[in-house]
Amino acid sequence: MTTHMEHLLNVRLCERFGDAAGWSEVTRLTASHLRVVVTALGAEDALTFLTAARRALDEEESRAGTIHLGFGAHLWTHLEDVSWGASSLARTSAWDAMLTLHRLSVLAPDPGLGAHLDSAVDACRLRLVPTAAGF
């Protein structure tokens, strides 16, 4: 991840969760795994991946209480037709980080994975449209 991208991610996380020194344990851990996703994939592929993860999370939440395959299966479905620029190693790294993020959100549901994903998606969008961010 470039220093610029890491800065954008930290800014978005701080805007949502306050000063990093006061972050909860789950937010600190989630931030490090989000950095893995963005570093491995780059801003453009990370935006696609994180958007798919958000849709998978929404789908999982909408099916709560019913029989379904879960977050990983929903994520796979949203990613199966994506054309990637990143290597298979980078995609595997991002995949594993996302499954860990999801597991952390199950163990510590507050503030929720969706809030963390939304912050990372915003950072990737700003990275891809630097004039909107004033950079």
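Heavy-atom basis, side chains included; hydrogens, waters and symmetry copies ignored.
Scanning both residues, G114 and L57, for their nearest heavy atoms gives N-CD2, 3.3 Å. Nearest heavy atoms, C124 versus L50: SG-CD1, 3.9 Å. Across every non-hydrogen atom of L41 and A86, the tightest pair is CD2-CB, 3.7 Å. Between M98 and L75 the shortest heavy-atom distance is CG-CD2, 3.8 Å. When all heavy atoms of D118 and R54 are compared, the pair lying nearest together is OD1-NE, 2.8 Å. The two residues L34 and H116 have their closest heavy-atom pair at CD1-O, 3.7 Å.
To the nearest 0.5 Å, atoms CZ (R35) and NE2 (H33) are separated by 11.0 Å. Between the CZ atom of R12 and the CG atom of N10 there is a distance of 11.5 Å, given to the nearest 0.5 Å. For the atom pair M5 CE and L128 CG, the distance stands at 8.0 Å (nearest 0.5 Å). Atom CG of L104 and atom CG of L113 lie 9.0 Å apart (nearest 0.5 Å).
Within 6.0 Å of atom CG in L107, more than 12 heavy atoms from other residues, nucleotides or ligands are found, so the atom counts as buried in its surroundings. In the displayed structure, E44 atom CD is contacted under 6.0 Å by at most 12 heavy atoms of other residues, nucleotides or ligands.
By the criterion of side-chain heavy atoms lying less than 4.5 angstrom apart, applied directly or through intervening Ile, Leu, Val, Met, Phe, Trp or Tyr residues, W95 is grouped together with V37 in one hydrophobic cluster. Residues L69 and W76 are members of separate hydrophobic clusters, defined by side-chain heavy-atom contacts under 4.5 angstrom among Ile, Leu, Val, Met, Phe, Trp and Tyr. Taken together through direct or relayed side-chain contacts under 4.5 Å among Ile, Leu, Val, Met, Phe, Trp and Tyr, L9 and V11 form parts of separate hydrophobic clusters.
Side-chain contact between R16 and P111 is absent, with no heavy atoms from C-beta onward closer than 4.5 Å. In this structure the side chain of V38 never reaches within 4.5 angstrom of the side chain of E6, judged on heavy atoms. Counting heavy atoms from C-beta on, the side chains of E60 and H102 come closer than 4.5 Å.
The pair R28-E25 does not count as a salt bridge, with every side-chain nitrogen at least 4.0 angstrom from each carboxylate oxygen.
Using a 30° and 60° split on the angle between ring planes, F17 and W23 fall in the perpendicular class, above 60°.
Aromatic ring centroids of H68 and H74 lie under 6.0 Å apart.
Here the side chain of S32 pairs a donor or acceptor atom with the backbone of L29 at under 3.5 angstrom. When atom types are taken as modelled, the side chain of D45 and the backbone of W84 share no donor-acceptor pair closer than 3.5 angstrom. Put simply, the side chain of S93 never gets that close to the backbone of A90: no donor and acceptor are under 3.5 Å apart.
In the model, T48 has no side-chain atom that pairs as donor or acceptor with a side-chain atom of T51 under 3.5 Å.
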- Message: For V106 and F71: C-alpha separation, side-chain torsions, deciding distance, then whether side-chain contact (heavy atoms from CB on, under 4.5 Å) applies.
- Response: CA-CA 11 Å; V106 169; F71 176 77; over 6 Å; no

- Verify side-chain hydrogen bond (donor to acceptor under 3.5 Å, both in side chains) between T27 and T30, making sure each step is shown before the conclusion. CA-CA 5 Å; T27 297; T30 298; 5.9 Å; no

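Every residue meeting the salt bridge (charged side-chain N to carboxylate O under 4.0 Å, His left out) condition with E59, not counting sequence neighbours, appears here in chain and number order: R63.
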